[in-house]
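Notes follow the structure.
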Amino acid sequence: MTDTPLRILHLEDSLADAELTQETLAANGITCDVTCVETESAFLAALQEHCFDLVLADYALPSFDGISALALVRRQSPDLPFIFVSGTMGEEVAIEALKVGATDYVLKTRLSRLVPAVRRALREANERAELHHAERELRERDAKIRRLVDANIVGVLIWDSEGQILDANDAFLRIVGYDRKDLLSGRLRRTDLLPAESLEPDKNPWMPGMKTTGSLQPFEKEYFRKDGSRVPVLIAPVTFEETSNQGVAFVLDLTERKQAEEAARRSEKQLRDVIETIPTLVWIARPDGSTEFANRRLVEYTGLSQAEAAGSGWELAIHPDDLDRYLRNWRASVASGEPFEEEMRLRHADGEYRWFLSRAVPLRDNQGKILNWYGVSTDIEDRKQAKEALERSEAYLAEAQKLTHTGSWAFHGTATAASYWSEENFRIWGFDPQGGFPTREMIEQRMHPEDRDRARKTGVQAVAAKTDWEGEFRIVLPDGTVRHIHGLGHPVLSAAGELLEAVGTHVDVTERKHAEAEREKLRQLEADLAHLNRITTMGELAVSLAHELKQPITAAITSADSCLQWLTHSPPNLDKARAAASRIKADANRAADVIDRLRSLYQKAPPKRDQVAVKGLIAEMAVLLRGEADRYAVSIRTDLAADLPMVMADRVQLQQVLLNLMLNAIEAMKETGGLLTIRSQPGPDGQVLISVTDTGIGLPAEKANEIFNAFFTTKPQGSGMGLTISRSIVESHGGHLWATANNGGGAAFHFTLPAAAAED
């Protein structure tokens with residue numbers, strides 16, 4: 001028994017009998033939390049308000065009776081163990097009680113049987129729960145297979161030995177390119193679908209193999225589609241019966257859905273392996289242990305005759321390795337009168353052995369004399385397999401938690417100590433598993449003082465509201481180590497909405513936190529380096545930029561002189577003066593635009609992404625670098641596609657990419673002059689493609705793959721960081737930057753940028 005008190009609902013009108021029952025259980029190590037009632041209303045209220053592990057009931061009470069109480073329990077909690085503890089039950093009443101659902105009965109004059117009866121009842125309840133779980137898993141797997149076939153994910157056809165396709169689902173018809181009219185007309189035959197070179201090899205595994213085994217392992221073939229093209233398929237045929245001339249085949253189009261069909265085939269095979277009948281075999285034995293009666297299911301299952309099953313012939317059905325142990329324990333129970341329970345392998349009529357759990361209880365008269373033994377043998381083969389799978393699953397879960405630094409926990413309701421604490425959670429928190437599950441106070445004491453109140457408040461509020469909660473906090477281990485924890489919690493509620501328990505996980509994210517801090521430092525370093533690169537590049541453009549600024553300023557001065565002259569005329573020529581003033585304003589704005597563009601490049605600010613029009617950005621950079629291009633007889637030409645989508649990007653960073661690529665192109669043509677072309681166009685997958693092409697000296701021979709490496713440069717004064725930074729910027733925006741040789745001589749640099757999502 002566990003340390004948790006056994007919750008018992010006791011229907012008893014005698015306080016002395018109730019106390020004696022509880023003392024008997026306690027004397028045998030069973031700690032109880034007993035709710036004692038004696039009326040129907042109190043019994044029903046207790047059932048509705050509390051969750052019990054066991055019901056004990058007297059048979060007759062002044063205003064209520066045990067049989068009625070049993071009916072109430074079976075309607076509300078069909079699997080709740082119910083044991084009669086009475087001094088007035090006779091054999092017929094006891095048998096009737098067992099037939100209508102009682103788990104067992106104990107006479108008050110023989111309370112020594114109470115403890116074994118209770119333990120057996122609890123064990124049976126647990127096994128029933130395990131069986132229900134296995135049955136639920138079986139139904140879920142069956143539903144998955146049914147959904148798979150009905151959803152037409154895999155082709156299915158029904159065939160006969162003459163090669164006729166009798167029926168097929170839409171998925172198969174799509175695979176071979178036929179429609180249902182072709183199928184209904186009888187024109188669709190299996191042999192017509194196979195290429196000539198496959199007909200003879202196909203006959204060998206298909207029909208002879210099917211007649212021998214009734215099924216074939218899936219094999220690959222090619223089918224002719226209706227349009228004459230070929231389609232590779234995976235075929236899994238099986239006959240409806242081993243001697244039948246008809247069967248079903250599952251067909252998967254390997255060109256597109258091979259993986260999906262493989263999964264479906266495995267799932268279908270697993271389902272066939274686990275679906276089996278769970279029989280219940282019933283038998284009655286005399287007081288001396290000899291078999292008196294075996295039900296029809298037991299006879300049919302074992303293949304024994306009724307006489308053999310009712311005599312000693314049933315021993316032949318038990319596996320030889322289990323027989324001695326089974327008989328030894330059965331004879332011991334017959335001699336002692338104690339209930340019998342044993343596992344053994346039982347042979348089916350076809351020779352197959354399966355594991356069964358055999359149980360028997362004696363029926364006694366009022367004097368305690370055994371009248372008969374009543375037994376059942378339950379098929380537990382699936383339960384055994386499920387238990388082994390569960391043990392493997394628990395081992396896998398423990399290993400997965402260890403690998404992912406994830407621990408799990410559970411608290412029952414408002415209990416002060418955890419009801420479950422995984423091995424990995426002990427390691428994360430530094431608690432000793434030998435000390436048992438930690439209490440809430442122990443957990444809170446290990447939290448970092450600065451996070452403790454916040455974490456406690458979050459948990460308390462979520463439990464009160466019965467909602468999920470999530471948060472991060474730090475813990476301090478006894479050796480001073482600080483760990484960062486990401487916690488998740490979930491309330492488990494009853495059907496009435498009451499909190500039963502809270503479950504959740506603790507993930508040790510200390511390494512992730514440290515990695516995030518290091519990544520943040522690296523991002524800041526990259527931003528500083530990019531800003532330094534922009535400033536260095538702008539220094540190289542100083543002469544050209546001075547020319548760009550001098551032009552509008554000189555034009556503005558000339559227009560100002562003209563304006564003054566027109567104003568000094570007598571009378572003043574106001575129209576011409578006004579025109580000159582307008583030219584002054586336009587030239588001043590042009591100079592201001594140049595300064596603003598320069599200032600945006602010089603500024604050191606955190607990245608800010610907005611929707612940017614690529615066409616306008618390229619035009620601005622062409623104007624900014626026109627003076628530098630003119631110095632070296634380089635012409636700038638733009639070829640910008642209309643109606644390109646906006647891109648979500650940091651405008652200054654994209655200016656820097658274009659600035660680096662365009663300056664590199666001008667540098668490559670400074671000795672000979674040439675043409676610099678900037679082109680924008682739609683790219684693959686809805687992206688925007690931008691290309692910068694020159695007619696200069698081209699990419700460095702045999703080192704074209706190194707140009708994006710840090711500190712690689714072909715310039716005498718180059719830093720070797722421009723292209724590295726440019727590629728980093730483009731990739732941070734979700735794009736790609738690469739270089740190719742230009743067909744007309746020179747080099748071409750291309751980069752893509754994802755289009756911004758359209759606004760609703």
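Only this structure's heavy atoms are used, side chains among them; waters, hydrogens and symmetry mates stay out. For the single chain, residues carry numbers from 1 onward in sequence order.
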Task: R74 side-chain N/O to A102 backbone N/O, donor-acceptor pair under 3.5 Å - done: no
Task: Lys/Arg-Asp/Glu bridge criterion (N-O < 4.0 Å) met for E450, R474 - done: yes
Task: Student check: side-chain heavy atoms of L111 and V85 closer than 4.5 Å - done: yes
- [ ] Kindly indicate whether the side chain of T35, heavy atoms from C-beta on, has any atom under 4.5 Å from the side chain of I8.
- [x] no
- [ ] Give the minimum heavy-atom separation between A410 and V503, together with the two atoms involved.
- [x] CB-CG1, 3.8 Å
Open item on the list: Does this structure show an ion pair linking D33 with R7, if we count only N-O contacts that are shorter than 4.0 Å?
Closed with: no
- [ ] Flag yes if more than 12 heavy atoms outside D685 fall under 6.0 Å of its CG atom; otherwise flag no.
- [x] no
Task: Qualifying residues under ring-ring contact (aromatic ring centres under 6.0 Å, His included), relative to Y105, sequence neighbours excluded - done: none
- [ ] Please confirm whether the backbone N or O of D79 pairs with a side-chain atom of S77, one donor and one acceptor, at under 3.5 Å?
- [x] no
Task: Ion pair check, R651 and D610, cut-off under 4.0 Å - done: no
Task: Nearest-0.5 Å distance, CG of residue L753 to CE of residue M646 - done: 12.5 Å
Open item on the list: Between R427 and E424 (salt bridge meaning N to carboxylate O under 4.0 Å), is one present in this structure?
Closed with: yes
Open item on the list: I want to check something: taking the side chain as every heavy atom from C-beta on, are P491 and D468 in contact at a cut-off of under 4.5 Å?
Closed with: yes
Task: Residues E38, F64; criterion side chain to side chain contact (heavy atoms under 4.5 Å, CB included); working and verdict - done: CA-CA 7 Å; E38 57 181 279; F64 196 33; over 6 Å; no
Open item on the list: Between L654 and V647, is there a side-chain heavy-atom distance shorter than 4.5 Å?
Closed with: yes
TODO: Measure the CZ-CG distance between R119 and L114 for me, rounded to the nearest 0.5 Å.
DONE: 10.5 Å
TODO: Could you tell me the separation between the CD1 atom of I485 and the CD1 atom of I475, rounded to the nearest 0.5 Å?
DONE: 4.0 Å
Open item on the list: With a 4.5 Å cut-off on side-chain heavy atoms, are L11 and D58 touching?
Closed with: no
Task: Heavy-atom donor-acceptor pair, H733 side chain to D650 backbone, under 3.5 Å - done: yes
TODO: Check P116 against E338 and note the closest heavy-atom contact, atom names and distance.
DONE: CG-OE1, 4.0 Å
Task: Donor-acceptor under 3.5 Å (T24 side chain, L20 main chain) - done: yes
Open item on the list: Can you give me the closest heavy-atom contact between I95 and Y374, atom names plus distance?
Closed with: CD1-OH, 3.7 Å
Open item on the list: Working to the nearest 0.5 angstrom, can you tell me the gap between S422 OG and I428 CD1?
Closed with: 7.0 Å
Task: L44 and Q76, any side-chain heavy atoms less than 4.5 Å apart - done: yes
Task: For the student: nearest non-hydrogen atoms of S377 and S358, plus distance - done: OG-OG, 3.2 Å
Task: Shortest non-hydrogen separation from V118 to I30 and the atoms involved - done: CG1-CD1, 4.4 Å
Task: Close side-chain approach of E40 to S63, heavy-atom, < 4.5 Å - done: no
- [ ] Decide yes or no on side chain to side chain contact (heavy atoms under 4.5 Å, CB included) for S419 and F437, but give the supporting numbers first.
- [x] CA-CA 7 Å; S419 57; F437 297 149; 5.5 Å; no
Task: Donor-acceptor contact present, side-chain T439 to main-chain M442, <3.5 Å - done: yes
TODO: Say whether, by atom type as modelled, one donor and one acceptor occur between the side chain of T510 and the main chain of R483 under 3.5 angstrom.
DONE: no
- [ ] Give the minimum heavy-atom separation between H486 and V509, together with the two atoms involved.
- [x] CB-CG1, 3.9 Å
Open item on the list: Quick check: do V463 and F411 have side-chain heavy atoms less than 4.5 Å from each other?
Closed with: no
Open item on the list: Less than 4.0 angstrom from a charged side-chain N to a carboxylate O is my criterion; do K108 and E12 meet it?
Closed with: yes
- [ ] Look only at the side chain of R297 and the backbone of V282, and say whether a donor-acceptor pair between them is shorter than 3.5 Å.
- [x] no
- [ ] Check whether more than 12 heavy atoms from other residues, nucleotides or ligands sit under 6.0 Å from atom CD of E441, and answer yes or no.
- [x] no
Open item on the list: Using only atom types and a distance under 3.5 Å, with no angle test, would you say the side chain of R452 pairs donor to acceptor with the backbone of M447?
Closed with: yes
TODO: Inspect the contact between R383 and E343 and indicate whether a charged nitrogen and a carboxylate oxygen are less than 4.0 angstrom apart.
DONE: yes
- [ ] Start with the C-alpha gap between F340 and V361, add the side-chain angles, then the distance that decides, and say whether side chain to side chain contact (heavy atoms under 4.5 Å, CB included) holds.
- [x] CA-CA 6 Å; F340 170 74; V361 294; over 6 Å; no
TODO: Would you check if the side chain of R446 reaches a backbone N or O of G430 as a donor-acceptor pair within less than 3.5 Å?
DONE: yes
Task: side chain to side chain contact (heavy atoms under 4.5 Å, CB included) between L72 and R75, intermediate numbers included - done: CA-CA 5 Å; L72 290 175; R75 284 197 299 270; 2.9 Å; yes
Task: For S68, side-chain hydrogen bond (donor to acceptor under 3.5 Å, both in side chains) partners two or more places apart - done: D65
TODO: List the steps and the verdict of salt bridge (charged side-chain N to carboxylate O under 4.0 Å, His left out) for R123 and E341.
DONE: CA-CA 11 Å; R123 184 169 58 250; E341 181 175 311; 2.8 Å; yes
TODO: Take atom CD of E444 as the centre, draw a 6.0 Å sphere, and report whether it contains more than 12 heavy atoms from other residues, nucleotides or ligands.
DONE: yes
TODO: Determine, stepwise, if the pair R345 / E381 fulfils salt bridge (charged side-chain N to carboxylate O under 4.0 Å, His left out).
DONE: CA-CA 9 Å; R345 284 163 291 182; E381 180 76 20; over 6 Å; no
Task: Short N-O contact, R354 and D382, less than 4.0 angstrom - done: yes
Task: Parallel, tilted or perpendicular: ring planes of W429 versus F473, cut at 30 and 60 degrees - done: tilted
Task: side-chain contact (heavy atoms from CB on, under 4.5 Å) partners of V460, counting only residues at least two apart - done: R456
Open item on the list: Once rounded to the nearest 0.5 Å, what's the spacing between atom CG of L131 and atom CD1 of I380?
Closed with: 9.0 Å
